[in-house]
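Heavy-atom basis, side chains included; hydrogens, waters and symmetry copies ignored. Starting from 1, each residue takes its place in the sequence as its number. Here the structure is a predicted model, which is why all the values come from computation and not from measurement.
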Amino acid sequence: MFRRSLIRLFRIHTLKANNLTKECISRKLPQTNSHYLCSCRYSTNIQQTPNLNITQKLTEEEYLVKVKDDPDTFGIQTTSKEQEFDEGDMKEGEYLENPPDPSKQLRTKQYADMIKAFIRKRQIKEAIDVLEVRMLKDDRVKPENYIYNLLLGACGKVGYTKKAFSLYNKMKQRGLKVTGGTYTALFNACANSPWPEDGLTKALHLRQIMIEKGYEPNDTNYNAMIKAFGRCGDLETAFGLVDEMQKKNIPIKGDTLNFLLQACITDKETGFRHALLVWRKFIGKNIIPNVYSYNLLLRCTRDCGLGDIEITKDVLNNIVANNNLLLASSENIADPNEDVSESTNSVMQRNESSISIQENRPNLIARVPHIGNILSVSEITKPEDRLLLIGGFSGILKNMQENNCTPNIKTFTQLLDSIPSTLAAEKELLSSIRKYNVKPDVDFYNMLIKKRSMRFDYDLAKEVLNMIKTTRLEPNIITFGVLALGCQTKEEAESLIEEMHKENYRLNPEILGAMLHQACHHCNFSYVLKMMEICLEEEIRPNKKFMDTLEEFKKKCKVMSNDKDCEKAKSRGFQKGYQMFKLRYTTWKQEVDPINEDEIHPWQQFRQETKTDVKHYKDKSNASRFKARHTSLYRRKKNQVVESKKDIKG
């Protein structure tokens with residue numbers, strides 16, 4: 001290695017000598033021994049070359065050829081192609097000639113503090129540059145595994161899977177020790193990957209590496225693995241890992257079961273049934289659920305179904321039967337002198353009294369579960385139906401109170417999505433918020449506006465704005481987005497846009513899309529054309545959903561126009577509006593630049609420097625257009641992403 005570097009260094013000085021000669025000729029300077037002396041600086045025998053007649057008048061090309069062929073010129077004789085300027089050799093020469101200033105080198109803790117500061121600001125690119133630029137290139141400091149684990153943890157939290165595994169490979173190449181924290185960070189990266197398929201593939205590969213190396217995972221590693229496989233949709237492996245923990249006598253705590261609930265959320269068809277079984281594990285192992293557990297259960301209630309009806313019936317019956325026997329057994333253990341039959345009878349009596357008190361309402365998360373008066377499992381299809389299975393709105397809050405768990409605003413937001421869509425149910429929920437002294441946030445009010453807008457109760461939706469002001473909160477961009485769902489006329493849309501401008505918010509494709517949906521639904525051509533023109537006036541790039549809505553509207557109008565039985569299509573206003581729309585739509589498509597979904601890469605924000613924080617409002621002092629950044633990391637990958645060679649290497 002040293003010999004090769006020395007040869008390259010000599011070649012660099014030879015190239016410098018040739019460049020010096022060219023400069024002398026170009027400036028018409030006297031061609032003395034400048035080239036000869038420079039080229040022979042590292043020669044073992046400095047002497048005047050007899051073949052080099054400096055007084056002979058030669059052309060520039062002849063002189064350079066003669067010097068190059070001079071046998072006394074130091075250096076390895078190479079071809080003209082090899083003699084060309086090599087940028088890599090030059091950089092290596094500068095690297096060897098310019099060692100770093102030792103006074104600028106920092107301790108590991110100081111580098112770590114710099115990385116932590118960037119991570120807190122979510123500036124992942126800058127944090128990685130501390131290692132790859134500052135430490136390795138500028139200061140030439142050998143990093144420790146602690147530095148790598150810090151960056152792996154940061155990449156894991158944001159789902160930057162490719163970079164996380166790249167750092168892991170470099171860590172192994174440097175011979176640094178791979179710790180349990182390293183594996184935990186990598187599994188977190190798999191869990192948070194924007195593409196579950198890719199995350200699952202990497203998680204399976206990483207687990208195989210751990211098995212081959214004979215590494216015994218600890219409880220934190222197991223939790224990270226359960227989280228990764230669960231979120232990526234492999235519920236079988238996630239539940240199998242819990243069984244593996246039991247065999248190895250690793251204690252199963254609340255965090256483990258919470259990760260299993262996260263896994264249940266990924267199964268939209270049968271996730272709620274799995275969540276009920278996981279919840280019974282809480283009770284069976286005497287683990288007290290926390291508020292995070294309840295919020296996850298409510299998320300399952302909202303998003304997931306029960307699956308096969310017959311299997312669900314068996315599961316529900318087994319839950320009730322097994323827990324009654326378990327409770328009877330626990331009573332026997334509590335008082336060994338009591339007769340078994342008497343103990344069992346007392347337990348059954350308490351069950352019956354509990355059911356009568358609950359008025360035969362089902363509650364499968366109670367310590368003594370009961371099905372109650374369920375008419376048909378096949379009719380349990382809506383979130384409000386599934387909520388009744390776990391005690392309903394009041395039953396959930398009572399169960400939390402029994403476990404000394406206080407609901408937070410996220411709990412009530414999740415409940416809002418699952419309660420019946422009626423004004424009475426909403427008032428009861430708002431009353432409970434005040435009872436538990438929980439302060440609503442703007443996200444809760446946004447969901448309330450959306451819920452009322454979805455049932456076409458637009459007047460009550462607008463009243464929520466007064467609630468926001470009463471609680472001294474400020475509406476955000478999402479508030480205007482859900483309000484846009486209720487803009488049935490062009491005038492209402494223009495009023496909302498004006499209100500947004502007063503609050504210094506800019507329109508985005510999502511808000512315009514919500515308004516366009518209403519315009520197309522009511523076949524309001526002036527409303528549709530207004531939304532199209534706003535895209536040009538505000539320089540807003542329409543997204544795919546916006547373009548698809550217009551295309552479907554065009555097809556719908558064409559069918560209506562050709563339908564002789566359609567009374568609305570026979571009107572003069574419809575025909576005139578339809579013709580205007582067709583003409584404008586053709587030219588409008590040529591004037592706009594729709595957003596290409598493939599342009600929005602979820603890791604792009606981590607591959608460029610973060611200069612300022614992204615804010616979704618318009619600066620009064622700056623009239624330039626704000627281009628919204630789409631930073632969603634959890635959009636499912638539809639097509640395989642093929643990254644070009646121009647991308648920054650991960």
Side-chain angles (χ1 to χ4, degrees), residues 179-188 190-191 199-200 203-267 270-290 292-294 296-297 300 304 307 311-312 314-334 364-369 390 403 405:
T179 63
T182 308
Y183 291 120
T184 299
L186 289 172
F187 278 115
N188 282 332
C190 297
L200 180 59
L204 289 169
H205 178 65
L206 184 60
R207 191 188 179 203
Q208 187 62 34
I209 291 175
M210 295 170 64
I211 295 173
E212 291 174 356
K213 291 188 175 182
Y215 175 79
E216 284 294 330
N218 53 34
D219 57 340
T220 306
N221 296 143
Y222 271 111
N223 287 339
M225 284 192 284
I226 293 170
K227 176 183 176 182
F229 286 106
R231 286 191 178 183
C232 293
D234 191 352
L235 267 69
E236 184 178 354
T237 303
F239 279 87
L241 287 168
V242 179
D243 296 335
E244 189 176 313
M245 292 176 68
Q246 289 181 324
K247 291 179 181 178
K248 295 181 179 180
N249 295 322
I250 297 177
I252 297 176
K253 301 178 181 178
D255 292 340
T256 306
L257 297 179
N258 284 339
F259 287 128
L260 280 180
L261 287 175
Q262 289 186 20
C264 296
I265 295 172
T266 63
D267 189 349
T270 61
F272 182 64
R273 188 178 72 209
H274 294 311
L276 292 176
L277 294 173
V278 172
W279 198 267
R280 301 315 306 177
K281 288 285 186 182
F282 274 100
I283 298 174
K285 294 184 176 297
N286 291 321
I287 298 175
I288 299 176
N290 54 25
Y292 186 58
S293 309
Y294 283 100
L296 288 172
L297 178 64
C300 287
C304 307
I311 297 177
T312 300
D314 293 339
V315 169
L316 297 182
N317 291 328
N318 289 334
I319 287 176
V320 175
N322 292 339
N323 282 275
N324 285 340
L325 292 175
L326 179 64
L327 185 59
S329 175
S330 65
E331 291 287 340
N332 293 337
I333 295 173
L364 296 175
I365 66 171
R367 184 162 293 275
V368 182
I390 56 177
N403 289 319
C405 184

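- Two residues are said to be in side-chain contact when any heavy atoms from C-beta on lie closer than 4.5 Å; L276 and I390 meet this criterion.
- Tested against T184 for a side chain to side chain contact (heavy atoms under 4.5 Å, CB included), the candidates N188, L186, T182 yield a single pass: N188.
- Qualifying ring-ring contact (aromatic ring centres under 6.0 Å, His included) partners for F272, counting only residues two or more places apart in sequence or in other chains: none.
- The side-chain heavy atoms of L260 and L235, taken from C-beta on, include no pair separated by under 4.5 Å.
- Other residues, nucleotides and ligands contribute only 12 or fewer heavy atoms inside 6.0 Å of the CD atom of E236.
- Side-chain contact between F187 and L206 is present, with heavy atoms from C-beta onward closer than 4.5 Å.
- Rounding to the nearest 0.5 angstrom, the gap separating the OG1 atom in T266 from the CG atom in D234 is 9.0 Å.
- Side-chain contact between I252 and K281 is absent, with no heavy atoms from C-beta onward closer than 4.5 Å.
- Evaluation of the side-chain contact (heavy atoms from CB on, under 4.5 Å) rule for C300 yields C264, I265, A275 as partners, not counting sequence neighbours.
- Interatomic distance, I365 CD1 to N403 CG, rounded to the nearest 0.5 Å: 8.5 Å.
- Judged as a salt bridge (Lys or Arg N to Asp or Glu O under 4.0 Å), and not counting sequence neighbours, R273 has no contacts.
- The shortest side-chain heavy-atom distance between Y183 and P217 does not fall under the 4.5 Å cut-off.
- Residues that satisfy the salt bridge (Lys or Arg N to Asp or Glu O under 4.0 Å) test with E216, not counting sequence neighbours, are K248.
- Heavy atoms from other residues, nucleotides or ligands lying under 6.0 Å from NZ of K213 number more than 12.
- Here the CD1 atom belonging to I226 is positioned 11.0 Å from the CG atom belonging to N221, to the nearest 0.5 angstrom.
- Note that CG of N218 is 9.5 Å distant from CE of M245, once rounded to the nearest 0.5 Å.
- Taken to the nearest 0.5 Å, the OG1 atom of T237 stands 6.5 Å off from the CG atom of L204.
- Between A191 and R231, the shortest heavy-atom contact is O-CD, 3.6 Å.
- Evaluation of the ring-ring contact (aromatic ring centres under 6.0 Å, His included) rule for F282 yields W279 as partners, not counting sequence neighbours.
- The side-chain heavy atoms of P369 and R280, taken from C-beta on, include a pair separated by under 4.5 Å.
- Here the closest heavy-atom approach between residue C232 and residue C190 is recorded as SG-O, 3.4 Å.
- How far NZ of K253 is from CG of D219: 5.5 Å, rounded to the nearest 0.5 Å.
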May I have the list of side-chain donor-acceptor pairs in residues 283-290 shorter than 3.5 Å, sequence neighbours left out?
| from | atom 1 | to | atom 2 | distance (Å) |
| --- | --- | --- | --- | --- |
| N290 | OD1 | Y292 | N | 3.2 |
| N290 | OD1 | S293 | N | 2.8 |
| N290 | OD1 | S293 | OG | 2.8 |

